[in-house]
Amino acid sequence: MKQRVSALLREKFGREVVLEKPRDRSFGHFATPIAFSLAKELKQSPMAISEELASSFEENDVFSKVESVKGYLNFRLSEGFLSQYASWVLQNHSEFAKQEKKEKLLLEFVSANPTGPLHIGHARGAVYGDTLYRLAKHLGYDITAEYYVNDAGNQIDLLGLSIQLYGRENILKESVEYPQSYYRGDYLAPLAQKAVEKFGIEILSDESRQKELAIWAKDGVMELIVKTLADTNIHFDTFVYESTLYDDWDRVMSKMGDGVYKKDDKIYIASSQKGDDSDRVVVREDGRATYLAGDIVYHNQKFERSYDHYINIWGADHHGYIARVKAAVEFLGYDSNKLEVLLSQMVSLLKDGEPYKMSKRAGNVILMSDIVDEIGSDALRFIFASKKSDTALEFDLAEFKKQDSSNPIFYIQYAHARIQTILSKSTLTQDEVMNASLTNLDESADILLFDALLLPEIVDDAFHSRGVQKLPEYLKSLAASLHKFYYDYKILGTPNEAKYLKIFMVVGLSLRVGLSLMGIKAKDYMSKEIEE
RNA sequence: GCGUCCGUGGCUCAAUUGGAUAGAGUUUCGGACUUCGGAUCCGACGGUUAUAGGUUCGAAUCCUAUCGGGCGCACCA
């Protein structure tokens with residue numbers, strides 16, 4: 001819709017025209033401040049220019065009115081155009097808001113270590129990433145969702161140790177002394193139990209077998225993580241394991257050429273040449289590679305797989321890492337501008353107004369799976385998708401558990417359910433509704449229809465600006481328009497029944513598509529009890 | 001100290017990326033059911049967009065400084 005209008009104006013003015021939503025709908029459907037930018041070039045007042053432009057529009061199919069208000073140029077779409085578009089949308093509902101982009105994208109997100117279950121902080125990045133993924137897919141991009149599994153390094157050894165400690169205390173009933181760092185949590189119980197079944201009881205006490213134990217156990221932890229994600233409708237196309245990458249290290253290192261150098265028996269990457277604060281160690285004196293080395297091999301592998309654009313979603317605590325990874329990409333001979341790192345800011349929890357500190361090792365974590373159990377996947381997704389990802393999010397646990405009408409997800413679902421109910425109660429046939437011509441609409445009906453047809457613009461904007469919160473924002477306001485219209489107008493048994501139902505069908509479609517892009521299934525009816 | 005993200009009604013968040021009178025929800029108060037689902041709708045209260053300068057037709061948004069907060073600043077991942 002917007003594309004159509006935009007193309008029309010581009011043709012007329014010979015330049016790209018910024019189209020926006022007017023502040024007040026009575027001004028029209030679209031507006032542009034083009035006169036302001038022309039004012040300087042033409043040395044005329046914006047008012048005069050917009051007046052002139054407005055009067056230069058002749059009769060056409062798309063606009064019913066073009067007028068100038070305080071320098072803004074406002075466009076009102078013709079009923080014929082809107083009506084035609086609405087019919088097209090209903091007949092081609094599977095094409096609604098879709099595009100055909102050709103680019104290949106690689107989106108890496110979550111990538112939590114396989115040493116414990118996902119906590120509430122991971123949930124934010126997971127929801128953000130999956131929503132972007134769904135948007136991109138809908139827009140026709142060839143996008144791959146990837147999870148990078150850090151299954152090498154100290155934290156894996158620590159997992160082995162932690163299982164042993166748990167088993168010795170709870171199965172062997174020994175009294176054990178806990179070192180400073182180890183993992184704890186209920187998830188260790190089944191791991192310890194299964195380890196005993198698989199390896200025998202002696203696995204718990206043999207320190208030399210920690211690594212063996214950990215390598216086995218990490219798969220179990222990954223299963224846990226994948227299940228939690230699946231419960232939230234989040235799926236990955238590919239998993240890349242850090243442990244499989246190091247064989248490639250020598251080749252990758254030589255590929256970087258002068259980007260790496262040896263000093264004091266260690267190998268450094270000269271990342272300070274590429275904007276990093278200092279050079280970084282990639283191989284230690286004893287020959288063990290650092291974490292960064294793994295990331296370098298991984299990113300080399302990503303670029304060798306050849307995508308048009310790469311998006312990483314990292315927690316904000318990793319932002320210091322961006323410069324060094326980008327430096328490595330440059331040394332490898334690739335364009336680091338193709339790598340886009342999005343940070344999802346921390347989630348801080350309050351409990352009864354007091355800051356609630358999370359520490360994985362201390363075990364007092366809020367698990368993602370616990371939240372899903374309590375409020376459901378839909379509410380979790382909605383809440384996290386509603387906030388801009390670059391703002392630290394703070395919420396009270398009590399608030400999060402609330403499950404009443406203040407929760408916007410219920411509000412939107414109810415709007416959709418209302419539409420389904422009224423459609424099923426109508427005695428009109430499908431054809432009678434579909435063939436209704438959407439003309440002579442009054443202001444409210446026109447606005448409702450136009451809002452419902454706006455989904456394609458929202459989807460496009462939400463993805464390209466990486467601002468997924470625009471989608472829930474839109475759905476809330478569309479639901480509000482629907483509820484208001486529903487309250488103000490009687491529909492069944494009136495002369496306008498077919499018209500209004502047709503508009504409702506478009507609204508329902510927008511809500512349904514919008515929700516599905518958030519990984520939420522629209523409901524056709526709401527049960528009386530409040531439950532998921 | 002350096003880097004980075006931020007600071008918007010009492011609270012949680014928006015604001016078409018520089019555009020028209022800064023909007024929603026929540027809280028508080030007051031209204032609307034002989035109506036298709038009242039899980040709804042309407043109204044009121046509530047703002048110097050942290051502060052001070054600057055840039056221009058126009059600033060919550062860009063620049064500078066100050067104040068306040070989160071997160072980094074490993075040969076840990």
Side-chain angles (χ1 to χ4, degrees), chain A residues 2 18-24 27 30-33 35-37 39-40 45-47 69-72 74 112-113 115 150 152-156 158 181 242 264 266-268 277-278 280-286 288-295 315-323 343 345-346 348 383 386-396 399 402 404-408 410-411 413-415 417-418 421-426 454 457-458 461 464-465 467 469-470 472-474 476-477 479-480 482-494 497 500 525-528 530:
Chain A
K2 192 171 176 178
V18 181
L19 272 187
E20 27 188 72
K21 194 169 83 183
R23 184 56 71 194
D24 186 335
F27 287 143
F30 287 112
T32 177
F36 291 102
S37 32
K40 210 175 251 174
S45 84
M47 297 282 286
V69 181
K70 292 203 285 189
Y72 285 83
N74 296 324
N113 292 342
T115 53
N150 290 117
N154 288 344
Q155 84 277 12
I156 283 295
L158 221 47
S181 42
E242 182 185 6
D264 305 333
K266 295 175 234 180
I267 297 175
Y268 287 78
D277 296 335
S278 66
R280 310 287 171 178
V281 174
V282 286
V283 181
R284 289 170 272 227
E285 284 173 283
D286 59 9
R288 281 156 53 233
T290 63
Y291 174 75
L292 178 59
D295 253 349
D317 54 341
H318 282 62
H319 83 256
Y321 241 75
I322 299 175
L343 298 177
Q345 290 290 329
M346 302 289 103
S348 48
I383 289 166
S386 300
K387 321 289 180 185
K388 269 190 306 199
S389 67
D390 55 1
T391 314
L393 170 61
E394 194 173 83
F395 61 84
D396 202 302
E399 197 74 16
K402 264 166 73 174
D404 54 27
S405 61
S406 71
N407 190 337
F410 287 95
Y411 186 78
Q413 291 283 24
Y414 183 40
R418 272 187 148 169
T421 307
I422 201 166
L423 283 172
S424 68
K425 283 193 177 164
S426 169
L454 220 44
E457 280 74 45
I458 304 295
D461 185 29
H464 290 107
S465 68
Q469 80 282 357
K470 289 166 197 277
E473 204 63 36
Y474 165 74
K476 265 191 283 186
S477 82
L482 186 278
H483 284 307
K484 181 165 171 48
F485 189 87
Y486 184 94
Y487 184 84
D488 289 340
Y489 290 77
K490 178 133 172 75
I491 293 151
L492 294 183
T494 70
E497 180 171 344
Y500 290 162
Y525 54 86
M526 309 291 282
S527 54
K528 202 69 183 169
I530 295 174

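All values reported here derive from a predicted model rather than from experimental measurement. Just so it is clear: chains get the letters A, B, ... in the order the sequence lines come, proteins before strands, and each one is counted from 1.
Taking only side-chain atoms of A:Lys470, from C-beta outward, the nucleotide of B:A20, B:U17, B:A14 with the closest atom is B:U17. Out of B:C36, B:A20, B:C41, the shortest distance to the side chain of A:Ile422 is found at B:C36. The side chain of A:His319 sits closest to B:G72 out of B:C36, B:U16, B:G72. The listed nucleotides are B:A32, B:A77, B:A20; the one nearest the side chain of A:Ala31 is B:A20. The A:Tyr414 side chain lies nearest to B:G38 when the options are B:C41, B:A77, B:G38. Considering only the side chain of A:Lys21, B:U16 comes nearest among B:U16, B:C42, B:C5. Listed nucleotides B:U35, B:U12, B:C36 differ in distance to A:Lys387; the shortest reach to its side chain belongs to B:U12.
Scanning RNA chain B for stems, defined as runs of 3 or more consecutive Watson-Crick or G-U wobble pairs whose donor-acceptor distances all fall under 3.5 Å, gives the following ranges: B:1-7 with B:67-73, B:10-13 with B:23-26, B:28-32 with B:40-44, B:50-54 with B:62-66.
When the C1' atom is compared between B:C62 and B:G19, the two are found 14 Å apart, to the nearest whole Å.
Put simply, A:Tyr72 rests on the base of B:A20: the two rings are less than 5.5 Å apart at their centres and nearly parallel, under 30°. A:Phe36 does not qualify as a stacking partner of the B:G58 base, lacking a centre-to-centre distance under 5.5 Å together with planes within 30°.
Contact annotation for A:Glu20: base contact, defined as any heavy-atom pair under 4.0 Å involving a base atom. Residue A:Pro33 is in base contact, counting any heavy-atom pair closer than 4.0 Å across all strands shown. At the heavy-atom level, A:Asp264 lies nowhere under 4.0 Å from the strands shown. Contacts of A:Ala39 with the nucleic acid, taken as non-hydrogen atoms under 4.0 Å apart, are absent.
You'll find the side chain of A:Tyr489 stays beyond 4.5 Å of the side chain of A:Thr494, heavy atoms only.
The aromatic ring centres of A:Tyr321 and A:Tyr291 sit less than 6.0 Å apart. Checked against the 6.0 Å centroid threshold, A:Tyr72 and A:Phe27 do not count as a close aromatic pair.
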Quiz prompt | Candidate pair A:Lys387 and A:Gln345, rule side-chain contact (heavy atoms from CB on, under 4.5 Å), full reasoning | solution = CA-CA 10 Å; A:Lys387 321 289 180 185; A:Gln345 290 290 329; over 6 Å; no
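Between A:Gln469 and the phosphate of B:A15, there is a side-chain N or O to OP1/OP2 separation shorter than 4.0 Å. At the phosphate of B:G19, neither OP1 nor OP2 sits under 4.0 Å from any side-chain N or O atom of A:Lys70. Under 4.0 angstrom from either OP1 or OP2 of B:C41 there lies at least one side-chain N or O belonging to A:Tyr411.
Here B:U48 is in the anti range [glycosidic angle more than 90° from 0].
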